[in-house]
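In the text below, chain A, chain B and the rest are named by the order of the sequence lines, each starting its count at 1. Here the structure is a predicted model, which means the values were calculated and not measured.
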Amino acid sequence: MPVQNEHVAEILDEIADLLAIQDANPFRVRAYHNAARTVRGLSRELHDLIARGKDLTDLPGIGDDLAGKIREIVGTGACRALEKLHRQVPHELEELLAVPGLGPKRVKALFYDLRIRTTQQLEKAARAGRLRKLPGFGQKLEQRILQAVAARQSGTRRFSIDVAEESGGKLAAYLGLVPGTGKAIIAGSFRRGRETVGDLDILVTTSRPAAVMERFAAYDQVARVTSRGATRASAVLRNGLQVDLRVVPKQSFGAALHYFTGGKAHNIRVRTLGQKFGLKINEYGVFRGARRVAGATEASVFKSVGLPLIPPELREDRGEIEAARAHRLPRLVEEGDLRGDLHVIANGRDDLVAMAIAAKRRGLRYIAFTIRQGPDAPADAVLRQLDRIDQIRERADGMVLLKGIEAEIPEDGRLDLPTEVLARLDLLIGAAHGQFELTRARQTARLLRAMDSPCFTILAHPGGRLLPERDACSVDMERIVRAARVRGCFLELNSQPQRLDLADVHCQMAKAEGVLVSINSGARQGEDFRDLRFGITQARRGWLEKDDVLNTRPHAALKRLLRRTMD
DNA sequence: GCCGTTTTCGGCCCGACTGTTTTCAGTCG
C-alpha cells in the first residue's frame with residue numbers, strides 16, 4: 001500500500017519535535033512543522049505527484065533537503081534522519097511535549113536531568129515533588145502538570161461546529177452587553193470554517209476592557225479561568241470547551257480580527273510581507289514606525305501589504321497569498337448561490353409538503369426527495385413512496401420536486417435496484433453507513449463498484465466520518481474522484497455538522513478533476529436546511545466557486561447534467 | 001531548513017501571560 005500524506009506529515013512533525021527538544025535552531029524546527037502542514041493540505045497524494053515526476057520543491061516551504069526526505073519516506077515508509085534522532089532522543093518525549101505547560105526546553109530538562117521519558121514517569125516525579133527542584137520549574141507548574149496529566153487521560157476533545165457556534169454565540173452575545181462594548185465575534189478556526197474546533201477565540205472591542213474581563217470570569221458557563229490578564233483571558237466552559245478571550249480598542253478591530261482569525265502560518269506570511277513594506281503588523285494595527293497606518297478593518301490590513309481581502313476560509317497558507325498577489329483569488333461560492341438541495345430524506349420527521357415549504361422559505365427552487373433503500377427493501381414500497389411525491393406536487397408551492405433514492409452501498413458494492421424503480425428516478429445517491437473497518441483497497445473497491453451501477457448519480461459522504469468522534473475511513477479519494485469524472489457522476493458534500501464530508505482537500509481535488517460537488521443537507525426536518533451554511537463554508541475552504549457546485553445550476557441545466565447519468 | 005524583483009547569506013512575526021526571575025525565559029496562540 002502506498003505511503004499516505006498523513007504518514008509523511010507525522011514523521012516530519014516528529015522530527016521537528018525531537019529537534020526542538022535537542023535545542024536545534026527554532027527556524028529549522030519550524031521548517032519541518034511547516035512542511036508537515038503543507039503536506040497535510042495537499043489535495044493530491046505525494047506518491048501520485050512523485051510518480052508523475054512533479055518537482056516537490058515547487059511546494060511552499062519545501063526545499064532540496066525536505067524534498068529528498070519526503071521522497072525517502074514515500075519510497076520506504078521510513079526516514080533515516082528520524083531514526084538517527086531516535087538513537088539520541090526517545091520518541092516518547094513527543095508525548096510529553098503535548099502536555100500543556102511543557103515545551104521543548106522543559107521536556108529537555110526532564111529527560112536530561114531526571115531521565116523522565118513517559119507521562120507515567122512524569123506523574124510519579126510530580127507526585128514525589130521532584131519536578132520543582134528543576135530550574136525553570138516550581139510548585140505551581142508541578143501542580144499544573146499533575147492536573148494536565150490527569151485530564152489528558154480522558155483525552156483532549158474537539159467539538160463539532162454546531163456546538164461551538166451555540167456556546168460561542170451565547171458567550172459573545174453576553175459579553176456584547178457590557179457598556180462601552182462594540183463588536184463581540186467568534187474568530188479563530190471557527191471563523192476559518194474548520195470542520196471541528198479545539199477551542200473558541202472570541203474577540204471583543206471595547207472602551208472598558210476591565211469590565212469585559214470581569215464579566216467573562218463571572219459567566220455562569222465558565223468552569224474555571226486558566227489565565228487572566230488586562231487584555232487576554234482563557235477559561236474552560238462547563239461543556240469542556242476552552243475559550244480564549246481577547247479585548248482590544250475599537251480602532252484595532254480589523255488588525256485584531258485578522259490576527260485572531262489566523263491561521264498561524266497565514267499570519268506569519270502577512271506579517272513578513274509587512275516587514276518588506278517597512279511595516280510592523282500586530283493585533284493593534286499596522287504601523288510605520290510609531291504611526292498607525294491601517295487596522296480598523298481587515299481589508300485595510302491586507303491593503304497595506306498590497307493584497308485584496310482574503311476570505312477567512314482560505315487563510316491557511318495553502319497558496320492564498322500567492323493567489324491574492326496575482327489577483328487570482330477564487331470567487332467563493334456563497335449561500336445565496338444554492339438553488340436546490342439534492343438530498344432530502346423523504347421519510348424523515350416532517351411530512352413532504354412541510355419540507356418543500358421549508359426549502360422554499362430557505363430560497364431553494366428545487367429539492368430531491370430521497371428514499372432510503374436497503375439492499376432487501378421491497379420494490380413496491382419504494383414505488384408507493386414515489387407515487388406520494390408525485391401526488392403532492394401541486395401542494396409544493398412551486399417547488400420543483402425530484403425523485404431519488406439513497407441506496408445503501410453493501411460491502412461488495414453491489415446495488416441491485418429493480419428497473420421499474422430506476423425508470424422513475426431523477427437521481428440515485430449511493431452511501432455507505434457501516435463496515436468502515438474494511439481495508440483501504442476493499443473500501444475503495446466497494447465505492448467504485450457502486451459507482452458502476454446503472455443510473456448512479458451522486459456518491460454521498462464517502463469518508464463516513466462522524467465528527468468529532470469518528471474519523472473518515474481509509475479510502476483512496478484520488479481514484480474515487482477520477483472515477484467520478486470518467487463516469488460523469490458527482491460527489492456530495494454533506495452539510496451536517498457531524499459529517500462535512502467531502503473534506504476540504506477533497507473538494508479541491510474534485511475541482512482539479514472537474515468533478516462537480518453537490519452541497520446537500522440530508523434534511524430530515526424543515527429546520528435542517530439551515531445546515532447548508534455549514535456545507536457552504538466547508539466548500540469555501542475547498543476553494544469551490546459557484547460553477548464548481550452542481551446544485552447552483554438552474555433546474556433546466558441540472559436536468560441535463562443528471563440525464564447524462566440516468567441514461 | 002527555507003528563501004530572495006535589494007539578498008545565494010543572513011535573516012526568519014509578534015505580543016500576552018505565567019511563574020520564578022531579581023530582570024526574564026518559556027509557553028502559547
Side-chain angles (χ1 to χ4, degrees), chain A residues 12 15-16 19-21 23-38 56-70 81 96-110 131-145 148 187-189 192 197-203 209 213 225-235 242-248 252 255-256 258-287 295 301 305-306 317 322 325:
Chain A
L12 295 174
I15 293 175
L19 284 173
I21 291 166
D23 218 5
N25 177 350
F27 299 105
R28 188 173 166 220
V29 173
R30 192 162 90 191
Y32 278 97
H33 278 310
N34 281 344
R37 208 178 34 76
T38 293
L56 298 181
T57 62
D58 289 345
L59 299 172
I62 307 225
D64 287 334
D65 182 273
L66 281 170
K69 289 196 170 78
I70 290 171
L96 294 186
L97 220 42
V99 176
L102 293 187
K105 298 286 192 295
R106 288 177 181 150
V107 169
K108 184 183 179 195
L110 288 171
L131 297 189
R132 70 185 73 167
K133 300 192 180 85
L134 285 177
F137 286 74
Q139 214 165 336
K140 283 208 169 164
L141 184 59
E142 199 172 68
Q143 281 310 308
R144 195 172 150 209
I145 287 172
S189 56
R192 299 202 308 279
V197 300
D199 59 26
L200 275 180
D201 300 300
I202 296 188
L203 174 68
M213 302 311 264
V225 176
T226 51
S227 145
R228 181 173 166 185
T231 65
R232 175 193 278 273
S234 299
Q242 159 144 354
V243 186
D244 295 323
L245 171 66
R246 188 63 204 265
V247 176
V248 297
S252 296
H258 179 254
Y259 150 73
F260 219 27
T261 297
K264 189 179 169 126
H266 167 93
N267 283 357
I268 291 175
R269 288 289 308 275
V270 170
R271 289 177 172 192
T272 306
L273 216 49
Q275 288 182 319
K276 292 189 182 129
F277 286 86
L279 301 169
K280 185 175 72 170
I281 302 177
N282 59 28
E283 55 266 53
Y284 299 108
V286 179
F287 298 89
V301 176
V305 293
D317 192 22
E322 290 74 10
R325 204 181 293 170

From [atom1] of [X] over to [atom2] of [N], roughly how many Å is that when rounded to an integer?
| X | N | atom1 | atom2 | result |
| --- | --- | --- | --- | --- |
| A/L97 | B/dG26 | CG | C1' | 12 Å |
| A/L134 | B/dA25 | CG | C1' | 15 Å |
| A/F27 | B/dG1 | CZ | C1' | 11 Å |
| A/L102 | B/dG19 | CG | P | 14 Å |
| A/L245 | B/dA16 | CG | P | 14 Å |
| A/N25 | B/dC3 | CG | C1' | 14 Å |

Identify which nucleotide among [options] has an atom closest to any side-chain atom of [X], counting heavy atoms from C-beta outward.
| X | options | result |
| --- | --- | --- |
| A/D65 | B/dC28, B/dG26, B/dC2 | B/dC2 |
| A/K140 | B/dT20, B/dA16, B/dC13 | B/dT20 |
| A/P100 | B/dC13, B/dC28, B/dG29 | B/dC28 |
| A/R106 | B/dG26, B/dG15, B/dG29 | B/dG26 |
| A/L66 | B/dC13, B/dC2, B/dG26 | B/dC2 |

Integer angstrom distance from the [atom1] of [N] to that of [M]:
| N | M | atom1 | answer |
| --- | --- | --- | --- |
| B/dC28 | B/dT22 | C1' | 24 Å |
| B/dC9 | B/dG15 | P | 31 Å |
| B/dT8 | B/dG4 | C1' | 8 Å |
| B/dT20 | B/dA25 | C1' | 9 Å |
| B/dA16 | B/dT5 | C1' | 37 Å |
| B/dC12 | B/dT21 | P | 30 Å |

_base_contact_polar (B/dG29 base, A/N267 side chain, donor-acceptor, <3.5 Å)_ = no

*asked:* Would the base of B/dG29 count as contacting A/K264 through its side chain, where contact means a donor and an acceptor less than 3.5 Å apart?
replied: yes

When we call it a touch if two heavy atoms are under 4.0 Å apart, what does [X] touch: a base, just sugar-phosphate, or nothing?
| X | value |
| --- | --- |
| A/A230 | sugar-phosphate |
| A/P135 | nothing |
| A/Y32 | sugar-phosphate |
| A/R246 | sugar-phosphate |
| A/N34 | nothing |
| A/R144 | nothing |

According to a strict under-4.0 Å criterion, is [X] in side-chain N/O contact with OP1 or OP2 of [N]?
| X | N | value |
| --- | --- | --- |
| A/Y284 | B/dA16 | yes |
| A/S227 | B/dT18 | yes |
| A/N282 | B/dG15 | yes |
| A/K280 | B/dG15 | yes |
| A/R28 | B/dG1 | yes |
| A/T231 | B/dA16 | no |
| A/Q275 | B/dC14 | yes |

*Whom does B/dT8 pair with, Watson-Crick or G-U wobble, provided both distances fall under 3.5 Å?*
none

*Taking O4'-C1'-N9-C4 for purines and O4'-C1'-N1-C2 for pyrimidines, is B/dT6 syn (within 90° of 0) or anti?*
anti

*Output yes when a side-chain donor or acceptor of A/Q242 lies under 3.5 Å from a complementary backbone atom of A/D199, and no otherwise.*
no

*Hey, is CG on A/D64 packed in by over 12 heavy atoms from elsewhere, all under 6.0 Å?*
no

